[in-house]
Amino acid sequence: MKRSLFGVAMGLAMIATTAHAQSMVAAAKPVSFGVAGGLSIPTGDFGDAFKSGFNVSALGEIHQAAWPVAIRIEAQYDQFSAKDEIGDGKVKSIGGLANVLYYFPSKAMVKPYVTGGLGLFHNKADDSICDGGCSSTKFAFDFGAGLQFQLTGISTFVEANWNSIQTEGSATHMIPVRVGIKF
């Protein structure tokens, strides 16, 4: 009898713990802030002249738990080194994006999503790439996909985007691949 009561008590404790953990995951914060970083891969004509670089970003996201749609505002910095035939200079890009995210419905702790948005970027090339240096501020757009991993109190994500900055001549294209954390 004691074993049966002990077994029932342990079973109820496990159910209560599981329910509590699930309620913590489901109660996502409506506003979160985060940071991310990773590899930036230049593509197209930009990729012909520059090597892969790095990116870092800071973001704020508004996401109501019952809705699959979220709004993200993000500041992003990318840096690329020129390929040997171009020189030894760098291109630095800093910008801001306003994105809409769509989280696919999932009861799992891993949520896939797609994203897209508009922004403004300032690109600056070193003197060795452009005589006297050159810079421009242009409109941009992006779209991508990612996976969000919900943890207790925070979430992490892995994401890849395709960014197109509408520079003169051909657009500057890059693919930032990054890992981030939101709290």
Side-chain angles (χ1 to χ4, degrees), residues 10-43 46 52-80 92-123 137-167 171-183:
M10 289 302 291
L12 290 173
M14 289 177 68
I15 291 169
T17 302
T18 303
H20 178 67
Q22 287 176 347
S23 70
M24 289 176 65
V25 170
K29 297 176 186 175
V31 177
S32 59
F33 298 94
V35 292
L39 178 69
S40 280
I41 304 164
T43 62
F46 187 55
S52 292
F54 69 91
N55 71 76
V56 293
S57 63
L59 59 97
E61 187 172 310
I62 299 169
H63 184 202
Q64 295 297 325
W67 287 63
V69 176
I71 303 294
R72 179 190 290 174
I73 305 296
E74 177 176 357
Q76 179 176 318
Y77 175 82
D78 299 91
Q79 182 173 305
F80 303 90
K92 300 169 185 167
S93 179
I94 188 165
L97 292 162
N99 282 347
V100 175
L101 290 83
Y102 177 80
Y103 288 92
F104 293 98
S106 172
K107 293 186 190 250
M109 292 181 59
V110 178
K111 290 186 176 188
Y113 63 91
V114 292
T115 180
L118 300 171
L120 194 64
F121 275 80
H122 180 77
N123 291 344
T137 302
K138 299 292 181 180
F139 286 102
F141 62 90
D142 76 330
F143 60 89
L147 294 172
Q148 177 173 286
F149 304 88
Q150 188 66 45
L151 306 171
T152 303
I154 63 169
S155 63
T156 60
F157 62 94
V158 177
E159 181 177 284
N161 290 7
W162 182 74
N163 290 359
S164 180
I165 303 169
Q166 303 306 298
T167 51
T172 301
H173 299 264
M174 65 184 87
I175 300 173
V177 179
R178 58 202 177 157
V179 175
I181 185 168
K182 292 188 289 186
F183 42 93

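Model, not experiment: these values are computed from the prediction.
Here Val35 pairs with Ile181 under the side-chain contact (heavy atoms from CB on, under 4.5 Å) rule; sequence neighbours left out. Leu118 pairs by the side-chain contact (heavy atoms from CB on, under 4.5 Å) definition with Phe141, not counting sequence neighbours. Listed by chain and residue number, nothing satisfies the side-chain hydrogen bond (donor to acceptor under 3.5 Å, both in side chains) test with Asn163 (two or more places apart in sequence, or in another chain). For Pro112, the side-chain contact (heavy atoms from CB on, under 4.5 Å) partners are Phe104, Leu147, not counting sequence neighbours. For the side-chain hydrogen bond (donor to acceptor under 3.5 Å, both in side chains) test, residues two or more places apart in sequence or in another chain that qualify with Thr172 are Thr167. In this structure, the side-chain hydrogen bond (donor to acceptor under 3.5 Å, both in side chains) partners of Gln79, at least two apart in sequence or on a different chain, are Tyr77. In this structure, the side-chain hydrogen bond (donor to acceptor under 3.5 Å, both in side chains) partners of Asn123, at least two apart in sequence or on a different chain, are Ser93. Residues passing the salt bridge (charged side-chain N to carboxylate O under 4.0 Å, His left out) test with Lys111: none are found, sequence neighbours excluded. Here Phe183 pairs with Phe33, Ile154 under the side-chain contact (heavy atoms from CB on, under 4.5 Å) rule; sequence neighbours left out.
In this structure the side chain of Phe139 reaches within 4.5 angstrom of the side chain of Leu120, judged on heavy atoms.
The salt bridge (Lys or Arg N to Asp or Glu O under 4.0 Å) analysis of residues 145-154, with sequence neighbours excluded, yields no pairs. Counting only residues at least two apart or in different chains, salt bridge (Lys or Arg N to Asp or Glu O under 4.0 Å) contacts with residues 173-183 comprise Glu61-Lys182, Glu74-Arg178, Glu159-Arg178. Among pairs with a residue in residues 93-106, none fulfils salt bridge (Lys or Arg N to Asp or Glu O under 4.0 Å), at least two apart in sequence or across chains.
Of all non-hydrogen atoms in Ser52 and Pro42, the two that sit nearest each other are CA-CD, 3.6 Å. The two atoms that bring Gly53 and Leu39 nearest to each other are O-CD1, 3.3 Å, heavy atoms only. Closest approach of Tyr113 and Val158 over heavy atoms only: OH-O, 4.1 Å. Here the shortest heavy-atom pairing between Ile73 and Ala98 reads CD1-CB, 3.8 Å. Annotation for Pro68 and His63: closest pair C-NE2, 4.3 Å, computed over non-hydrogen atoms. Of all heavy-atom pairs spanning His173 and Ala171, the tightest one is CD2-O, 3.2 Å.
Annotation: the span from Asn99 atom CG to Asn161 atom CG amounts to 6.5 Å, rounded to 0.5 Å. To the nearest 0.5 Å, atoms OG (Ser164) and NZ (Lys138) are separated by 12.5 Å.
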| query | Yes or no on side-chain contact (heavy atoms from CB on, under 4.5 Å) for Asp78 and Gln76, after CA distance, side-chain angles and deciding distance? | reply | CA-CA 7 Å; Asp78 299 91; Gln76 179 176 318; 2.8 Å; yes
| query | Step by step, would you call Thr156 with Val179 a side-chain contact (heavy atoms from CB on, under 4.5 Å)? | reply | CA-CA 7 Å; Thr156 60; Val179 175; 5.8 Å; no
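Between Phe80 and Phe46, the ring planes are perpendicular. Angles over 60° get that label, and only those under 30° would be called parallel.
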